[in-house]
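Right, one structure below, let's go through it.
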Amino acid sequence: MERAPESAGFGSGRGTSPVLRSAALPAMSSQPEISVVIPCLDEEEAVGKVVDQALEGIRRSGRSGEVLVVDNGSTDRSAEIATAHGARVVIERRRGYGSAYLTGLAEARGSYVVMGDADETYPLQELGPFVDRLEAGHDLVMGSRFKGTIHGDAMPFLNRFVGNPILTGMLNVLFGVKVSDAHCGMRAIRRDAAEALDLHSTGMEFASEMVFKAYRRGLTVSEIPIDYYPRIGESKLNRFGDAWRHVRFMLLYSPSWLYLVPGSILLLLGVAGMLVLATGPVDVFGRTWQIHTMLGFVALTLIGAQVIQLGVFARTYARVRIGEHDPLLDRLEGKVRLEHGLLAGGLLVLLAVAGLVAIGVEWAAEGFGELGRAYETALLATMLGLGIQVVFGAFFLALLVMPLRRYGETR
């Protein structure tokens, strides 16, 4: 085998992956229409047949194409077998499902990229309808095992009835996605659409990232029912570890749900409780709420405000530094500045300090005995804390959105 030049990476300069080609298999002279990308890790039992199926699928579609196997550190004969069956093999030493696909997308030459696994679970010989949809204008076409047929014990009970439905449901709720099988490994995407997604994930969460970013960027996404077969060889999935990676990834990319929703609930409960108790003890359902309950509502208010502020920071960072689209922040751009935050926070601080001084004067006149305005004091102290948070948060937001330009750079 001969080694080809190293890849330049997909979308971000990634890739130091050598390409392996059979000496008997000449490189294609014309640009292929389809690139079938197959990640592979110790799949010597199945990878040859999978390559054959992919080549058959290309032939049936009536288009030109290539099969690209991304070997992700196999210790068996997977790469050799894949090459012998007509695939172009790329070595990606950085482990991970996402790492393999990022390298595969960088190396793929076709306008349409079809993705599938090397374990014979997906019917790659039936890739034609996926490419037909891409050619018709769709950007991402997902396979759906749940709308199709899951054969035998191809999907374990927990994965089929617990894991996949929950993870797909979370993706649909958190990101407004509308798919039935968000983690299906057989999918097809236009190459120009894949480049626009700016994909980064190196693990199994790569599947979720592709789907929700496609929806966020307004791409056309559709599904095709497919058959799903029992895998050949040993599974590489870590059921609970990979599930947690998906959940963690989705929460990190959905600051509204992670921060703003729980923060708003805490803040509203806290403020409502403080207002009820602002003038003193009250009876609620036969129980008297006193200053200790008031202090609990104070804590809820401050915690809620802090969580909301972190959510605002996260959404701003994602928009400014990662390039994520945020409709609310887009509308507020140029309308809300540091000075607005300083004014709002400063006003809260001044009102709180004025009230606390008045209470302090009254307390001093009474000889610093029992504080007669404990409830009002708690309310004003909370206002002081909120005002200080707003002031310093405004400065931090201004830092996040500050334009970065290095010496010598030109526009």
Side-chain angles (χ1 to χ4, degrees), residues 174 248 251-285 287-321 326 328-329 332 335-364 368 370-402:
L174 295 180
R248 180 184 66 181
L251 289 175
L252 289 174
Y253 269 84
S254 55
S256 293
W257 287 95
L258 180 61
Y259 297 103
L260 301 184
V261 171
S264 297
I265 293 172
L266 292 175
L267 180 62
L268 290 174
L269 287 175
V271 170
M274 287 195 305
L275 292 177
V276 169
L277 289 165
T279 57
V282 296
D283 289 332
V284 179
F285 302 118
R287 299 285 182 175
T288 302
W289 287 6
Q290 301 188 44
I291 188 63
H292 309 91
T293 308
M294 177 74 162
L295 294 178
F297 285 122
V298 168
L300 288 179
T301 301
L302 293 175
I303 293 171
Q306 183 64 62
V307 172
I308 289 174
Q309 190 175 66
L310 288 173
V312 174
F313 294 160
R315 290 178 67 167
T316 304
Y317 179 85
R319 179 180 180 274
V320 175
R321 303 299 181 218
D326 192 306
L328 176 60
L329 295 182
L332 293 177
K335 299 177 182 178
V336 179
R337 302 189 301 274
L338 168 63
E339 292 75 16
H340 294 113
L342 297 181
L343 182 61
L347 184 60
L348 281 175
V349 169
L350 289 176
L351 290 174
V353 169
L356 289 171
V357 168
I359 291 175
V361 170
E362 181 181 296
W363 188 34
F368 296 107
E370 183 178 352
L371 182 61
R373 297 186 179 275
Y375 295 88
E376 294 89 337
T377 301
L379 181 62
L380 291 169
T382 306
M383 287 178 58
L384 178 63
L386 292 175
I388 292 173
Q389 280 191 21
V390 171
V391 168
F392 285 97
F395 276 112
F396 187 69
L397 277 175
L399 178 64
L400 284 179
V401 300
M402 182 182 297

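Here CG of L338 is found 5.5 Å from CZ of F395. Values are rounded to the nearest 0.5 Å. Rounding to the nearest 0.5 Å places CG of L386 at 9.5 Å from CD of Q309. Atom CG of residue L397 and atom OH of residue Y317 lie 14.5 Å apart, to the nearest 0.5 angstrom. Rounding to the nearest 0.5 Å places CG of L351 at 5.0 Å from CE of M383. Residue W363 holds its CH2 atom at 11.5 Å from CG of L356, rounded to the nearest 0.5 Å. One finds the CG atom of L277 at 10.0 Å from the CG atom of L295 (value rounded to the nearest 0.5 Å).
For the pair L384 and A352, the tightest heavy-atom approach, listed with the atom from each and the gap, is N-CB, 3.5 Å. Residues G355 and L380 come closest through the heavy atom pair C-CD1, 3.4 Å. Looking at every heavy atom in both residues, T288 comes nearest to D283 through OG1-OD1, 2.7 Å. Here the closest heavy-atom approach between residue R315 and residue P255 is recorded as CG-CG, 3.2 Å. For the residue pair A394 and L342, the shortest heavy atom distance occurs at CB-N, 4.2 Å. Residues P281 and Q290 come closest through the heavy atom pair CB-CG, 4.3 Å.
In summary, the aromatic rings of W289 and F297 are positioned with their centroids under 6.0 Å apart.
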Side chain to side chain contact (heavy atoms under 4.5 Å, CB included) evaluation trace for I291 with Y375: CA-CA 6 Å; I291 188 63; Y375 295 88; 4.1 Å; yes
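The residue from I308, V271, L302, L300 that alone fulfils the side-chain contact (heavy atoms from CB on, under 4.5 Å) condition with L266 is L300.
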